[in-house]
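Keep in mind that the numbers below use all heavy atoms, side chains included, and drop hydrogens, waters and symmetry copies. Here is the naming used below: chain letters follow the sequence lines, and residue numbers restart at 1 for every chain. Being a predicted model, the structure only gives us computed values, none of them experimental.
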Amino acid sequence: MFWQQLINGITLGATYALIALGYTMVYGIIQLINFAHGEIYMIGAFVGVMAVIVFKVNIFIALLMAIAVCILIGVSVERIAYKPLRRSTRLAPLISAIGVSIFLQTLMTLIAGPQAVGFPQVIDDQLYHIGSVTVSKVQLIILFLASVMMVGLQLIIKYVRIGKAMRAASEDYDTASLMGIDVNRVISFTFAIGSALAAAGGVMVGMYFNSIHPLMGVMAGLKAFCAAVLGGIGSIPGAMLGGLFLGVAEVAGVALGYGGYRDAIAFTLLILVLLFKPTGLLGRPIQRKV
Amino acid sequence: MPELLKLDNVSINFGGLTAVDGLNMTLTKGNIRALIGPNGAGKSTIFNLVTGIYAPSMGKIFFQDQIINKLSPHIITSMGIARTFQNIRLFSNLSVIDNVKIGHHCRSGGSFIGALLRTLATKKEEALIQKRALDCLALMELTDKAEELAGNLSYGEQRRLEIARALATKPALLCLDEPAAGMNPIEKEKLANIIRKIKHMGITIFLVEHDMKFVMNLAERVTVLDYGKKITSGTPAEVQHNPAVIEAYLGKEVI
Amino acid sequence: MDSLLTNFISPYYIKVFTLVGIYIIIALGLNFISGVTGQLSFGHAAFVSIGAYTAAILTTRWQLPFLPSLLAGGLLAAVVGILFGFPILRLTGDYLGIATLGFGEIVIVIFQNMEITGGTIGLSGIAKHSSFTLVVIIVIFTIWSMYRMQSSRFGRALMAIREDEIAANVMGINTTAYKIQSFGIGSFFAGIGGGLYAHTIQYLNPTDFGFARSFDYLTFVVLGGLGSIPGTVLGTTILTLAPEFLRFVAEYRMMIYGALMVIMMIFRPRGLLGGVNLTKTIRTLKKQKKTPLPGDV
């Protein structure tokens, strides 16, 4: 029972983690809570479905298509709605992000209709039994893909030139730009990576729960954002840890009979963490400078 | 002579770094005391300790014989310590006079209920605040700028407004953190005269400043700090000829 | 008076304008917290819901008269705001925003799981006690009290906190106490607005008070001009009426609304009346009329 719930929790948490990474990377560099990020994830799920139903492609091709479309949208959103506001007041880009979010939600509702769309079964529902634990093939694929992506992200950030530039920009934006780093490119790249991960998350959640909806990005986005804060906003390993932690906590809460309070679990954890360790589990301490 | 402020073996650490290390220091009432030292010596940190922004890791700070180690900044202000900031921290989107009125906050009363009903007491209080604020502005020669936004003032005016705002709290001790920074010689001379005037009002002055000429002309006693430790303390003349001081300032450049 | 108005305006528009008034009260409450005091809140709708449910439960289940119930709703929202403010207002900036967002979502889940609120089905059968006239009176009272509070020693302390919290503290302001009071007052007006909302719409559902609503209020305030009372009134009016005006574009309405938010922020990031001192502007405009420039003659 315990191990079973843990596996379920980790699967859910892995998808949260994928979305949370986008929030955390963007916040790390431009201190913006990108409230439209949940919508990118939703669009990823829809593109995945359309690719499978309309173009009849293999799920992995569909995944790549979703990633491509979301990168395009994510980067354009940054260019159109955030970039002009980079040196503006704190709240202006936030309101702009909310505007984008409303825009994308309505757009998808117009295209796909307001009702939930069934995600076609693309992976056979084969189950694997390991001791008392049952794992479905979908779960295995999600865990595998999520791990590959997170390891890949770590490698990019550690060893690839643009990844190093990302770290520099998140450490100190102004100095990085003075040192000759093209911050515009870095920011676009950050949105591209974040959107790609969210798209993957969307397709995976579609496969896992077999149902997608134009408003699915709202709650998932918020929770992923909680995960990012839990782990320490701006910290990439923190977002992964926060996502997994949140997924497990939610599944555990439901298993213990608090199903009605499912959505409150994430937010209660969020407030507790903020009160006792505002920088999150893996965040850097902030110094009060006078 | 009566002691106003006493630092007794005060230390503070940030992470592994000791910014102030076992400092002993006593300020006499009615004097101008300067604190000098190279960049990063811990001067502003001492101001932050005295005004309650930081709490010392070790040691005690006495103000008028009361320990103020763990008190909040606003309580310390109401006890009679005011300060200015090295990197000017005015309320930039508020008018000059409102900045000064806010300084008078702890010497006045009135809740939001009073504000809503605008009772006679509130009106009287407000008139008094207005008068005090204008007095402080007059002293700092800012009267004609009263209605401007603080953020629109020139650099020198902003520094003077910081002092006006601090004076509005009716302090017994005024801590000035590099008040002459960025000023030209004429402005500096004017500032020195104002500081002397403030001293004659019975306010003790604690001064951090880089301009040695300014300090030596103004201060009665000078304390020299390096790496968070006190090197020496004495009259300007004594300090100027102390070899340890010369080394602290010039030592690195000689190499 | 409402019946008099119906001779001229359709009941539908009276209802729309009543809602505009209610949202103005709520948005002014948020403006007090975020615009005047500078404390980011993403959970304002939660305080609206507390006022709404309290007032509605008192009038429907306990058969209490409307006005005392309305006041009780406002006061309870204020009390919750203060109790919640105590631990949470230590946080600053985005962190405070996130915490209030979390709080707002928790309140909704709690209302969904309570019996007295009707749970997820919602609370219906609320009498229509509110009227356009009453809302207008309360709007006027709200604006009046906002002006009075802002132009006082109390209001100056709040603005000092917004400008520079550490400097305010060093200048002798008990920042924690003032932030909590500001949060309490802002929540009070949210609660009052909530009670009026409940007795106008006559049906409450927890999902109507989610973070999307909180962001709506924040948008009203920011688009109008953070910290500006006329700005908040203008922003709320325009944005509440916008979907009505945009009816001709039918289903594209919300899409355009979202796009407008982006465009407005790009062209006026400080809001419509942000940084505009109305009285000063009017005064200079008058002056310009009196003394024509030489070129004009």
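- Contact tally against chain A (heavy-atom pairs below 4.5 Å) for C:I106, C:V262, C:I263, C:N113: the top residue is C:N113.
- Taking every heavy atom of both residues into account, C:P269 and A:A92 meet most closely at O-CB, 3.8 Å.
- Looking at C:M254 and A:Q105, their side chains never come closer than 4.5 Å, going by heavy atoms from C-beta outward.
- By the 4.5 Å heavy-atom criterion applied to side chains, A:T106 and C:Y252 are not counted as neighbours.
- Here A:L275 is the residue among A:D263, A:L275, A:T89 with the most heavy-atom pairs under 4.5 Å with chain C.
- A distance of 9.0 Å separates SG in A:C226 from CD in C:E105, rounded to the nearest 0.5 Å.
- Proximity to chain C is absent for every atom of A:M108, based on heavy atoms less than 4.5 angstrom apart.
- With a threshold of 4.5 angstrom between heavy atoms, A:L85 approaches chain C through side-chain atoms but not through N, CA, C or O.
- Neither the backbone nor the side chain of C:L260 comes within less than 4.5 Å of any heavy atom of chain A.
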Checklist entry - Could you walk me through whether A:V218 and C:F211 pass the side chain to side chain contact (heavy atoms under 4.5 Å, CB included) check? => result CA-CA 10 Å; A:V218 177; C:F211 77 98; 3.0 Å; yes
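- A heavy-atom distance below 4.5 Å is found between the side chains of A:I271 and C:F84.
- If you measure heavy-atom distances from A:R262 to chain C, you find no contacts under 4.5 Å at all.
- In this structure, C:F215 has its ring center closer than 6.0 angstrom to the ring center of A:F35.
- By the neighbour-count criterion of 12 heavy atoms within 6.0 Å, atom CG of A:L256 is densely surrounded, having more than that number from other residues, nucleotides or ligands.
- Atom CZ of A:F245 is surrounded by 12 or fewer heavy atoms from other residues, nucleotides or ligands within 6.0 Å.
- Side chains of C:M265 and A:L94 form no contact here, defined as non-hydrogen atoms less than 4.5 Å apart.
- Once rounded to the nearest 0.5 Å, the distance linking CG of A:L270 with CD1 of C:I98 reads 7.0 Å.
- Only the side chain of A:I33 comes within less than 4.5 Å of a heavy atom in chain C; its backbone stays farther off.
- In this structure, A:Q31 and C:D94 approach most closely via the heavy-atom pair O-OD2, 4.0 Å.
- Taking OH of A:Y261 as the start and CD of C:Q112 as the end, the distance is 10.0 Å to the nearest 0.5 Å.
- For chain C, the nearby part of A:L222 is the side chain; its heavy atoms alone come within less than 4.5 Å.
- Between C:I256 and A:F103 the shortest side-chain heavy-atom distance does not fall below 4.5 Å.
- Residue contact with chain A, scored on non-hydrogen atoms closer than 4.5 Å, involves the backbone and the side chain of C:F103 alike.
- Residue C:F267 does not touch chain A at all, counting heavy-atom pairs closer than 4.5 Å.
- The distance from the OH atom of A:Y82 to the CD1 atom of C:I266 is 10.5 Å, given to the nearest 0.5 Å.
- When heavy atoms are compared at a cutoff of 4.5 Å, A:V229 approaches chain C solely by way of its side chain, counted from C-beta outward.
- When side chains are defined from C-beta on, A:L91 counts as touching C:L40, because their heavy atoms get closer than 4.5 Å.
- Between the CD1 atom in A:I98 and the CG atom in C:D216 there is a gap of 8.5 Å [rounded to 0.5 Å].
- For A:L107, the parts lying near chain C are the backbone and the side chain together; criterion is any non-hydrogen pair under 4.5 Å.
- Taking CD1 of A:I95 as the start and CG of C:L218 as the end, the distance is 4.5 Å to the nearest 0.5 Å.
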